[in-house]
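Taking it in order: structure first as structure tokens, then the write-up.
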Amino acid sequence: MTDRSTDSEAPLWPDPGLTRVPYTLYSEPDVYTRERERLFMGRSWNYLALECEIPEHGDYKTTFVGDVPVVVVRGENGAIHGFENRCAHRGALVCLERSGNAKAITCVYHAWSYDLTGKLTSVAFEKGVKGDGGMPPGFRREDHRLRPLRIECFAGIVFGSFANDMPSVEDHLGPEVAARVRRVMPKPVKVLGYTTQVLRNNWKLYMENVKDPYHASILHLFFTTFRINRLNQTGGILVDESGGHHVSYSKIEKTDSADYDAAKLRADDTSFGLKDPSLLENRDEFGDGITLQILSVFPNLVLQQIQNSLVVRQVLPKGLDRTEVVWTHYGFEDDDDDLMRLRHKQSNMVGPAGYISMEDGAVGAFVQRALPGAAGDTTVVEMGGDTAESQATRATETSVRGFWKAYRGLMGI
Amino acid sequence: MAAPKDDIAAGVAVAGLLADYAACIDADTLEGWPDFFTSDALYRITTARDHAAGRPIGIVYADNRAMLEDRVAALRTANIYETQSYRHIVSAVRITARNGASVEAEASFLVVRTMTDGSQDMFVTGRYIDTIDFAGNRPQFSSKIVVLDSEKVDTLLAIPL
């Protein structure tokens with residue numbers, strides 16, 4: 001008879017190296033809990049908001065660090081504060097709206113009230129009623145507050161961390177990735193629209209997909225047919241030292257490739273043409289010829305430039321087999337009408353109805369649905385070798401291995 | 001086609017148009033879907049939250065019929081998605097304005113999505129904000145804004161709404 005206790009003590013990551021990912025990491029409840037503690041609430045910088053979403057004193061937005069509800073708010077002198085969205089009294093959400101403006105944060109349950117830094121400022125009936133009841137004499141308001149996040153803004157993006165010993169966001173990203181964040185956030189931005197895509201799979205399957213340039217021109221036929229992205233284009237993959245952050249980029253070169261045609265890929269149906277090719281117009285708005293840049297910040301932020309479509313994607317776990325991707329389309333305050341027209345048209349390529357992204361909404365669920373028999377087995381992540389360094393090719397899974405390198409470090413597995 | 005002479009006539013005509021429109025999508029005869037629009041029609045799918053705030057970018061955007069034809073071609077030729085079908089339930093029509101041959105109307109909709117394994121979910125609800133042009137041979141949408149009540153879309157939105 002199998003000894004169950006031995007099973008439960010089996011290592012979560014049995015193989016050395018980064019090329020064999022155990023399927024149990026997508027299906028074990030203990031893994032999900034540990035991710036919350038060690039990744040999201042641990043030593044990470046989590047995307048919370050764009051600064052432009054909370055421009056005025058008192059503006060707030062509710063969001064999540066992993067699946068932990070948090071509030072981010074603009075306080076005195078433009079300072080931004082963040083804290084857990086959970087009353088210090090009996091644990092109710094203190095902010096129920098998606099966004100708004102408030103002078104103070106007051107819990108609806110018992111009216112405990114906090115200032116915009118999360119400090120407890122008043123307790124209803126603290127002295128009781130007519131001398132009866134109330135808090136005991138030793139109760140000190142200053143011992144109770146909304147659990148704070150450390151906040152740092154970088155390139156107009158608000159990051160938060162529950163860890164107090166994080167390096168600055170810029171140092172955390174490393175110079176190459178930080179420069180690529182600045183590249184798509186060079187000046188004041190404005191939000192152009194929000195969509196949330198609900199995925200029926202573990203959040204890591206989506207992050208692996210984002211970090212996997214190998215699939216792009218194979219799964220996404222639209223991409224390839226119109227030469228928006230081919231593996232033989234100029235481009236490459238940058239992976240930071242930790243492995244957790246990456247940039248995949250390419251430039252369009254409208255040349256045919258014998259390698260590609262020889263592969264006889266399903267995606268290579270060149271007879272397909274657009275009746276309105278204005279969708280594929282492009283303005284080189286950053287002046288470097290790069291038409292595609294997919295950037296990720298560990299654990300769950302994606303910054304996407306696909307031609308002139310600019311999007312922040314926040315990937316939120318909602319249970320082991322459920323994920324929400326919050327798409328925040330943005331542009332710049334000084335966009336002219338023509339550039340706005342391009343952003344409108346190209347928005348058709350991304351999001352849940354996107355010509356080159358709708359498949360990503362489904363493919364993670366194809367893996368999730370195949371998991372029942374997979375315990376004890378692993379995926380194979382060997383394209384481009386077994387390491388996780390920057391590479392000049394996009395026919396590689398180096399940044400997927402980078403994700404697992406950072407993941408293993410923080411998870412302690 | 002003559003412009004409807006009053007709101008009642010407009011309501012009957014628009015209800016018929018919406019019934020044909022929904023039937024076209026639900027029967028998977030999408031090749032006929034672009035013909036419900038004028039050549040320079042605006043078609044958008046957005047969310048109530050963005051619509052109320054005036055944020056311009058949503059889920060689908062087309063500013064002419066050729067873009068709708070391209071979407072059907074992409075769905076048939078390029079995009080990968082599991083076999084699925086919609087069932088539209090469209091409410092009674094509200095006529096909100098009439099200007100000669102142009103009629104503005106709104107209707108609510110509910111779409112149930114059925115997957116190939118038989119599983120069904122209420123996929124989306126929302127309202128159509130339509131402008132219908134009665135000047136041609138058949139009434140056509142010169143503008144159709146599909147406003148979803150929720151900003152959450154399950155998995156993907158391939159077939160149009």
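Quick caveat, the model's predicted, so the values are computed rather than measured. Within every chain, numbering begins at 1; the chains are lettered A, B, ... in the order of the sequence lines, protein sequences first and strands thereafter.
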Indicate the atoms forming the closest heavy-atom contact of Ser347(A) with Ile57(B), along with that distance. CB-CG2, 3.5 Å

Flag yes if more than 12 heavy atoms outside Asp117(B) fall under 6.0 Å of its CG atom; otherwise flag no. yes

Only pairs of heavy atoms separated by less than 4.5 Å count here; which of Asn79(B), Leu156(B), Leu148(B) has the most with chain A? Asn79(B)

By a 4.5 Å heavy-atom criterion (distance strictly below it), what part of Val363(A) contacts chain B: side chain, backbone, both, or neither? neither

Hey, are Arg341(A) and Asp63(B) close enough for a salt bridge, meaning a charged N less than 4.0 Å from a carboxylate O? no

More than 12 heavy atoms of other groups within 6.0 Å of Arg76(B) CZ: yes

Closest non-hydrogen atoms of Thr155(B) and Gln197(A), given as atom of the first, atom of the second and distance, are O-NE2, 2.7 Å

Heavy-atom proximity to chain B below 4.5 Å, by part of Ala365(A): neither

Taking all atoms of both residues into account, what is the closest heavy-atom pair of Met340(A) and Pro56(B), and its distance? CE-CG, 3.9 Å

NZ (Lys152(B)) with more than 12 external heavy atoms under 6.0 Å: no

Using non-hydrogen atoms only, which part of His344(A) is less than 4.5 Å away from chain B: side chain, backbone, both, or neither? both

Greatest number of heavy atom pairs closer than 4.5 Å to chain A - which of Arg55(B), Arg44(B), Glu69(B): Arg55(B)

At their closest point, which heavy atom of Ala78(B) faces which heavy atom of Phe222(A), and how far apart are they? CB-N, 4.0 Å

Non-hydrogen atoms of chain B under 4.5 Å away: do they reach the side chain of Arg98(A), the backbone, both or neither? side chain

Roughly how far, to the nearest 0.5 Å, is the OH atom of Tyr61(B) from the NZ atom of Lys345(A)? 6.5 Å

The reported gap from CG in Asp154(B) to CG in Leu199(A) (rounded to nearest 0.5 angstrom) is 8.5 Å

Asp276(A) versus Met67(B), closest heavy-atom pair with distance: OD2-CG, 3.1 Å

Looking at Tyr194(A), is Arg49(B) sitting on its ring face, NZ or CZ under 6.0 Å from the six-membered ring centre and within 45 degrees of the normal? yes

Within the distance-only criterion (no hydrogens, no angle test), does the side chain of Asp50(B) pair as donor or acceptor with the backbone N or O of Gly193(A) below 3.5 angstrom? no

Are Arg71(B) and Tyr355(A) in a cation-pi contact, defined as NZ or CZ under 6.0 Å from the six-membered ring centre and within 45° of the axis? yes

Closest approach of Val153(B) to Pro352(A) (non-hydrogen atoms, all atoms of both residues): CG1-CB, 3.8 Å

Is the number of heavy atoms from other residues, nucleotides or ligands within 6.0 Å of NZ (Lys5(B)) greater than 12? no

When you check the gap from the basic side-chain N to the acidic O, do Glu82(B) and Arg369(A) get nearer than 4.0 Å? yes

Count the heavy atoms belonging to other residues, nucleotides or ligands that lie under 6.0 Å from NZ of Lys275(A), then report whether that count exceeds 12. no

Any salt bridge between Asp121(B) and Arg200(A), counting N to O under 4.0 Å? yes

